[in-house]
Amino acid sequence: MAFQLPDLPYDFDALEPHIDEQTMRIHHGKHHAAYVNNVNKALEGHPDLQAKSIEELMAQVTLLPDSIRTAVNNSGGGHLNHSIYWRNMSPAGGGEPTGSLGKAIKSAFGSFNAFKEKFSNAAITRFGSGWAWLCLDRAGSLVVQSFPNQDCPISAGLQPILCLDVWEHAYYLKYQNRRPDYVGAWWNVVNWKDANERFEKAKG
Ligand code: MN
């Protein structure tokens with residue numbers, strides 16, 4: 001069963017004015033679609049790997065054969081990262097996290113604002129293309145970290161809670177070179193319900 005491009009859980013214009021409709025259409029329909037097509041191509045002739053979920057595949061990416069490892073890292077990572085990114089946003093998003101994630105963020109970073117500053121800084125200072133992440137590490141601690149390109153936190157033993165795509169394709173049509181403005185606007189659409197569900201599941 002080949003991987004499939006998931007539908008967005010909202011309309012393409014639902015995140016306006018923070019993220020514009022044209023960016024969402026191209027980002028989902030062209031960029032994410034290309035990652036799905038390319039990971040499927042890389043896995044042709046590997047039925048054992050095709051049978052795995054994208055999470056299982058990315059968790060063991062370093063063990064894959066040389067001939068496909070880079071392609072799966074880039075395109076499989078692109079598929080998984082974007083699948084989380086869409087669900088991490090909502091037209092009803094923004095504000096501050098409540099529930100167990102809200103408490104854990106305060107405990108780990110001191111306050112929501114301290115976390116927000118740390119996460120924004122990770123997003124803004126990631127050189128070139130990549131992502132900012134909030135993850136749960138193996139010790140059960142929340143960590144903020146950025147990763148280059150489509151490298152996936154799952155491949156580094158981290159469990160993803162919240163992510164922000166800072167590739168230029170995620171913001172250039174509306175924000176051009178002003179990545180900090182995109183990062184600032186993104187906080188208005190953060191889906192804390194989805195992040196909290198990921199956190200609860202990751203804690204086990
Ligand atoms: Mn992207």
Side-chain angles (χ1 to χ4, degrees), residues 2-43 53-55 57-59 61 70-91 93-94 119-135 144-156 158-191 194-195 198:
F3 293 118
Q4 309 233 340
L5 180 66
D7 288 336
L8 287 184
Y10 36 73
D11 291 334
F12 290 105
D13 64 356
L15 305 180
E16 293 264 11
H18 309 294
I19 301 182
D20 61 290
E21 176 179 357
Q22 192 188 11
T23 295
M24 290 297 287
R25 285 191 183 277
I26 296 170
H27 199 174
H28 178 265
K30 303 294 182 188
H31 291 277
H32 189 170
Y35 295 123
V36 172
N37 290 338
N38 288 333
V39 69
N40 286 337
K41 258 184 230 159
L43 295 181
S53 70
I54 190 66
E55 290 83 4
L57 192 64
M58 297 317 295
V61 76
T70 300
V72 172
N73 187 66
N74 292 343
S75 298
H79 173 38
L80 177 53
N81 295 343
H82 286 88
S83 298
I84 298 171
Y85 175 66
W86 309 131
R87 304 202 74 84
N88 266 177
M89 298 188 289
S90 162
F119 189 97
S120 296
N121 193 47
I124 291 164
T125 60
R126 160 50 55 192
F127 182 74
S129 297
W131 295 70
W133 292 89
L134 173 67
C135 297
V144 166
Q145 197 174 327
S146 77
F147 283 83
N149 303 313
Q150 298 297 354
D151 289 2
C152 189
I154 287 181
S155 309
L158 299 170
Q159 301 193 72
I161 310 294
L162 182 70
C163 64
L164 175 54
D165 188 346
V166 293
W167 283 57
E168 284 187 345
H169 68 223
Y171 64 87
Y172 206 84
L173 292 176
K174 183 176 171 78
Y175 295 98
Q176 293 85 47
N177 60 319
R178 303 185 309 278
R179 187 192 287 185
D181 290 358
Y182 159 68
V183 171
W186 172 80
W187 290 103
N188 293 302
V189 295
V190 173
N191 183 352
D194 181 64
R198 288 179 199 283

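Everything numeric here is computed off the predicted structure, so don't read it as measured data. Numbering of residues begins at 1 and proceeds along the displayed sequence. Just so you know, ligand 1 is whichever comes first in the structure, and atom 1 is the first atom listed for that ligand.
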Could you tell me how the ring of His32 sits relative to the ring of Trp86: parallel (under 30°), tilted (30 to 60°) or perpendicular (over 60°)?
parallel
Relative to the Mn ion (ligand 1), how many protein N, O or S atoms have a separation of less than 2.8 Å?
4
Above 12 or not: heavy atoms from other molecules or residues under 6.0 Å from CZ of Arg87?
no
Within the 4.5 Å heavy-atom criterion, are Phe147 and Leu158 side-chain neighbours or not?
yes
Only one of Asp165, Asn74, Asn73, Asn81 passes side-chain hydrogen bond (donor to acceptor under 3.5 Å, both in side chains) with Gln150; say which it is.
Asn81
Close side-chain approach of Cys152 to His79, heavy-atom, < 4.5 Å:
no
I want to check something: taking the side chain as every heavy atom from C-beta on, are Pro153 and Trp131 in contact at a cut-off of under 4.5 Å?
no
